Student: 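Once you've had a glance at the structure underneath, I'll fire off some questions.
Since we're looking at a predicted model, the values are computed, not measured. In what follows, every chain begins at residue 1, and chains take the letters A, B, ... in the order their sequences are listed.
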Amino acid sequence: MAQGTTPIESPETEPGRDFTTVSGREVKPVYSESDVAPGDLEANLPLPGEYPFTRGIHPSMYRGKLWTMRQFAGMGTAEQTNERFRFLLSRGQTGLSTAFDNPTLYGWDSDHPLSEGEVGKTGVAMDSLQDMERLFDSIPLDQVSTSMTINAPAAWIFTMFLANAERRGIPFEKLRGTLQNDILKEYIAQKEWIFPPAPHMRIITDLFSFCAEHVPQWNTISISGYHIREAGATAAQELTFTLQDGFTYVEHALAAGMSIDDFAPRLSFFFNSHLDFFEEIAKLRAARRIWARHMKERYGAKNPRSWLCRFHVQTAGCSLTAQQPEVNIVRTALEALAGVLGGCQSLHTNSMDEALALPSDKAVEIALRTQQVIAFESGAANVADPLGGSYFIERLTRDLEDEAEAYFAQIEAMGGMIKAIEKGFPQQELTRAAYEYQRALSDKRKIIVGVNEFVNEDEELLIPILEIDESVEPDQIAAVKKLRESRDNIAVSRGLDALERAARTKDNLIPHLLDCSRAYATEGEITQTLIKVFGEFREQSFF
Amino acid sequence: MSGSPIKVVVGKPGLDGHDRGAKVVARTLVEAGMEVVYLGLRQTPESIVAAALEEDADVIGLSVLSGAHMTHFKRVRALMEEKGLGDRLLTGGGIIPTKDQETLAALGVGRLFGPGDDPDAIVDYIRDWVREHPREDAV
């Protein structure tokens, strides 16, 4: 019987193995009661649906409503993307998410000289209300919720969306969806800005205020850590910079005279789910807890809906490999499961071919099916926060929360997030983290299967790759030129003049943007009008 | 080869904001003893070649993940020939399909790197290329 009680001899650790997370965090061989501070569980772990929501925002979580399956899609022309939308809906997708091409994301028209070669390449080309009408043709906008990933020119893409709903007779109050509209993370990570921070922040608060009155079911912003993580941040940096951006939007809206409970319930978030399974789950749980505490205790929100950190999750694009792309299906499944166990409200699963091109129909269908397997086959959706109370998960959640709070204090000491961004602080933090991660891969301290270990030397690519037809760009350019000839140009000039005048005052710009959109002013014309007033932002480059 | 370090101009042409790769590579080249002029985002082929001319760079490295690689690499290569930089290396990386890499190679573009490639391999490639292709003005 002695054998039964004596552990079998084995070395403490196998030589050459790494026991840190993707973010470089050391983890112990085992966690027990002593890793959780006395009283921590009682204070932080009420049931799901109870403040501070560590365990989820709803009491029954996915029993009451599954997460929304929302695949990010967009390529070529509005007609092509409309076809992809309908394909995804026919396969059981439950929400839409729009990817725009680079010229659209920068606020430029397809015929701008710097748009050359970029039209329709990484998303759909959108120049005016005309493209918006085609993009959502035959899609019931009062029934399907729609997300639009657009930031610097978000307000005038949104007014094109509103003008389209109006033409179709759909009341604004029935529209449900999300506008990304998060400019701060653009300066930090994604780099698609137009103006300096102050005018962008003004337009964002204008939109909060307009939607509170006219489009009450719309999520006016999706405060995003996704891109920050993709640019190289660790889990703790993603958590910190995202929530600190969130506090900054709150403070700007308060300074503009809004009251917290008028806009806070429509703030939403967007996180990455990377490969380190438990750390990602802990990050999502920590995000809810931190946001709830700050909203209630620091900003004095009274409406419980203002306390909720509701978020979309996307699996990590930067974890996908071009080598043996089929293996990405497995990576994405693990990351998606972490998103679900972390309590996301909507989820995008990347397709296996996205380190090579925009996804093919086949690849995107497998990605969607991955979510359906988790939802309907794995049992993971049956129980709310099934990992709650795990020593390891609770300790990680606590550590991430503590790290974020320490970072918040550091950023506050710099004078807040906008000052920190202007100094390049978050940018430098994540550039450094990206370099350190790459060194760990080059030195093989971290292993990526098929990339720096288990390499298949005579690999052949066996999956289909989507190509964007070269005719998209000339067709789109011809369409926007024709539009400028056929529309009522007097109405366009009148709208743009009024917009320019309003931009020089403190008036809410959204009604003016809506007038311009109704008149088929192009995205680039609106952008150029506002640049006359607000100027352009230039980044200092460093590496 | 003289003792002066290899000089590389690194830039991101067009509208693509994905600069993680370009920055990691720039730092890796510096750590390997090269001199790097990092131009940053929203460059045009003209601004990149002008910088290479002014800096008398040995190598131009472009990073393009936006799908606009054919437009940008072709234009930069043509401008290099036009401005007398035809004997310098044009290399780079991004999401660039093999078929397009082959088309660009036929136009005189060097090896292009992609996701998963080790930045140290880029260092080796540049060193080897510069050793094997002495500049016409080197003597």
Side-chain angles (χ1 to χ4, degrees), chain A residues 75 101-103 105-106 108 112-122 186 189-193 227 230-232 317-318 320-324 354-358 427 430-432 434-439 441-443 448 450-452 455 461 465 467-468 470 473 538-543, chain B residues 8 10-32 36-47 51 63-75 93-100 113-124:
Chain A
M75 72 284 201
D101 70 359
N102 270 330
L105 294 172
Y106 284 82
W108 295 347
H112 189 290
L114 289 173
S115 300
E116 191 187 347
E118 312 257 11
V119 177
K121 284 282 165 56
T122 55
E186 295 298 328
Q190 191 166 244
K191 315 291 173 107
E192 289 154 359
W193 54 71
H227 322 77
E230 289 289 302
C318 62
L320 301 179
T321 66
Q323 297 74 15
Q324 302 182 50
E354 291 192 63
L356 299 161
L358 293 196
Q427 298 94 312
L430 52 100
T431 297
R432 186 165 48 88
Y435 181 74
E436 281 165 10
Y437 182 66
Q438 185 56 52
R439 284 322 312 168
L441 296 182
S442 294
D443 301 345
I448 304 290
V451 171
N452 64 355
V455 177
L461 190 65
I465 294 297
E467 283 183 49
I468 302 298
E470 289 300 328
E473 186 162 311
R538 297 258 177 264
E539 182 192 53
Q540 269 191 308
S541 295
F542 62 87
F543 63 89
Chain B
V8 188
V10 176
K12 288 199 57 81
L15 304 182
D16 178 24
H18 296 89
D19 57 1
R20 175 176 179 167
K23 287 179 166 187
V24 166
V25 170
R27 174 142 176 221
T28 307
L29 299 179
V30 167
E31 302 284 339
V36 172
V37 180
Y38 179 65
L39 302 176
L41 300 172
R42 299 198 198 183
Q43 299 296 315
T44 60
E46 289 74 16
S47 68
S63 162
V64 188
L65 289 84
S66 67
H69 46 270
M70 295 308 276
T71 308
H72 298 315
F73 275 97
K74 276 184 194 169
R75 177 87 45 87
I95 308 283
I96 304 172
T98 315
K99 186 166 66 78
D100 292 349
F113 297 83
D117 282 329
D118 189 340
D120 292 344
I122 303 175
V123 171
D124 293 342

Student: Looking only at heavy atoms and a cut-off of under 4.5 Å, which of B:Gly40, B:Ala26, B:Pro13 has the most pairs with chain A?
Tutor: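 Maximum pair count with chain A is reached by B:Ala26.
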Student: Less than 4.5 Å to any heavy atom of chain B: does that hold for the side chain of A:Tyr437, its backbone, both, or neither?
Tutor: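 Answer is side chain: those atoms of A:Tyr437 sit under 4.5 Å from chain B.
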Student: Give, as side chain, backbone, both or neither, the part of B:Ile96 having an atom under 4.5 angstrom from any heavy atom of chain A.
Tutor: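 Interface part for B:Ile96: neither.
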Student: Determine, stepwise, if the pair A:Phe542 / B:Lys23 fulfils side-chain contact (heavy atoms from CB on, under 4.5 Å).
Tutor: CA-CA 8 Å; A:Phe542 62 87; B:Lys23 287 179 166 187; 4.0 Å; yes
Student: Which pair of heavy atoms, one from A:Tyr106 and one from B:Arg42, lies closest together, and at what distance?
Tutor: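 Answer, listing the atom of A:Tyr106 first, then B:Arg42: CE2-NH2, 2.7 Å.
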Student: So which heavy atom on B:Ser66 is nearest to which on A:Glu118, and how close?
Tutor: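 Closest heavy-atom pair between B:Ser66 and A:Glu118: OG-OE1, 3.1 Å.
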Student: Counting only N and O atoms by type, is there a donor-acceptor contact under 3.5 Å from the side chain of A:Gln438 to the main-chain atoms of B:Thr28?
Tutor: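 No, because the side chain of A:Gln438 does not come within donor-acceptor range (under 3.5 Å) of the backbone of B:Thr28.
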Student: Side chains of B:Thr71 and A:Glu116: any donor to acceptor distance under 3.5 Å?
Tutor: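 Looking only at side-chain atoms, B:Thr71 and A:Glu116 do not form any donor-acceptor pair under 3.5 Å.
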Student: Where does B:Thr44 contact chain A at under 4.5 Å (heavy atoms): side chain, backbone, both or neither?
Tutor: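 Side chain only.
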Student: What part of B:His72 gets within 4.5 angstrom of chain A, counting heavy atoms only: side chain, backbone, both, or neither?
Tutor: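 The side chain, not the backbone.
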Student: Go through the atoms of B:Val30 and report whether side chain, backbone, both or neither lie under 4.5 Å from a heavy atom of chain A.
Tutor: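 Only the side chain of B:Val30 comes within 4.5 Å of chain A.
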Student: Run the side-chain contact (heavy atoms from CB on, under 4.5 Å) test on B:Glu31 and A:Tyr435 for me, step by step, so that the C-alpha distance in whole Å, both residues' side-chain angles and the decisive distance to 0.1 Å come before the verdict.
Tutor: CA-CA 11 Å; B:Glu31 302 284 339; A:Tyr435 181 74; 3.1 Å; yes
Student: Report the option among A:Glu186, A:Lys191, A:Glu539 that has the most heavy-atom pairs separated by less than 4.5 Å from atoms of chain B.
Tutor: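 Greatest number of close heavy-atom pairs with chain B: A:Lys191.
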Student: Flag the pair B:Lys99 and A:Glu467 as a salt bridge only when some basic side-chain nitrogen lies within less than 4.0 angstrom of an acidic carboxylate oxygen.
Tutor: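 Looking at B:Lys99 and A:Glu467, the cut-off is met.
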Student: Considering only heavy atoms, which portion of A:Thr321 lies under 4.5 Å from any heavy atom of chain B: side chain, backbone, both, or neither?
Tutor: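 Neither the backbone nor the side chain of A:Thr321 comes within 4.5 Å of chain B.
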Student: Of the non-hydrogen atoms in A:Ala355 and B:Pro115, which two are nearest, and what is the gap between them?
Tutor: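 For A:Ala355 and B:Pro115, the tightest heavy-atom pair comes out as O-CG, 3.6 Å.
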Student: Enter the distance from A:Leu114:CG to B:Leu15:CG here, rounded to the nearest 0.5 Å.
Tutor: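 Separation between the atoms: 6.5 Å.
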Student: Chain B heavy atoms under 4.5 Å from A:Pro103: which part of the residue, side chain, backbone, both or neither?
Tutor: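 It is both, since atoms from each part get that close.
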Student: With respect to chain A, which residue among B:Asp19, B:Val10, B:Leu65 yields the maximal number of heavy-atom pairs within a distance under 4.5 Å?
Tutor: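 Answer, by heavy-atom pair count under 4.5 Å with chain A: B:Asp19.
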Student: Is it the backbone or the side chain of A:Ile448 that comes under 4.5 Å from a heavy atom of chain B, or both, or neither?
Tutor: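 Answer is neither: A:Ile448 stays 4.5 Å or more from chain B.
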Student: For the residue pair A:Ser442 and B:Pro119, what are the closest heavy atoms and their distance?
Tutor: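 Taking every non-hydrogen atom into account, OG-CD, 3.9 Å.
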Student: Testing the basics here: between A:Leu356 and B:Ile95, what is the closest heavy-atom pair and its distance to 0.1 Å?
Tutor: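 Scanning both residues, the minimum pair turns out to be O-CG2, 3.1 Å.
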Student: Set out, in order, the CA-CA distance, both residues' side-chain angles and the distance that settles side-chain contact (heavy atoms from CB on, under 4.5 Å) for B:Val24 and A:Phe543, then state yes or no.
Tutor: CA-CA 8 Å; B:Val24 166; A:Phe543 63 89; over 6 Å; no
Student: Take atom CD of A:Glu470 as the centre, draw a 6.0 Å sphere, and report whether it contains more than 12 heavy atoms from other residues, nucleotides or ligands.
Tutor: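 Incorrect, the count does not exceed 12.
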Student: Salt bridge or not between A:Arg439 and B:Asp120? Use side-chain N to carboxylate O under 4.0 Å.
Tutor: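 Here A:Arg439 pairs with B:Asp120 in a salt bridge, since their nearest N and O are under 4.0 Å apart.
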Student: Chain B heavy atoms under 4.5 Å from A:Ala434: which part of the residue, side chain, backbone, both or neither?
Tutor: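 Backbone plus side chain of A:Ala434, per the 4.5 Å heavy-atom cut-off to chain B.
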Student: Does A:Gln323 reach the main-chain N or O of B:Gly116 with its side chain, forming a donor-acceptor pair under 3.5 Å?
Tutor: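 Not a single qualifying donor-acceptor pair exists.
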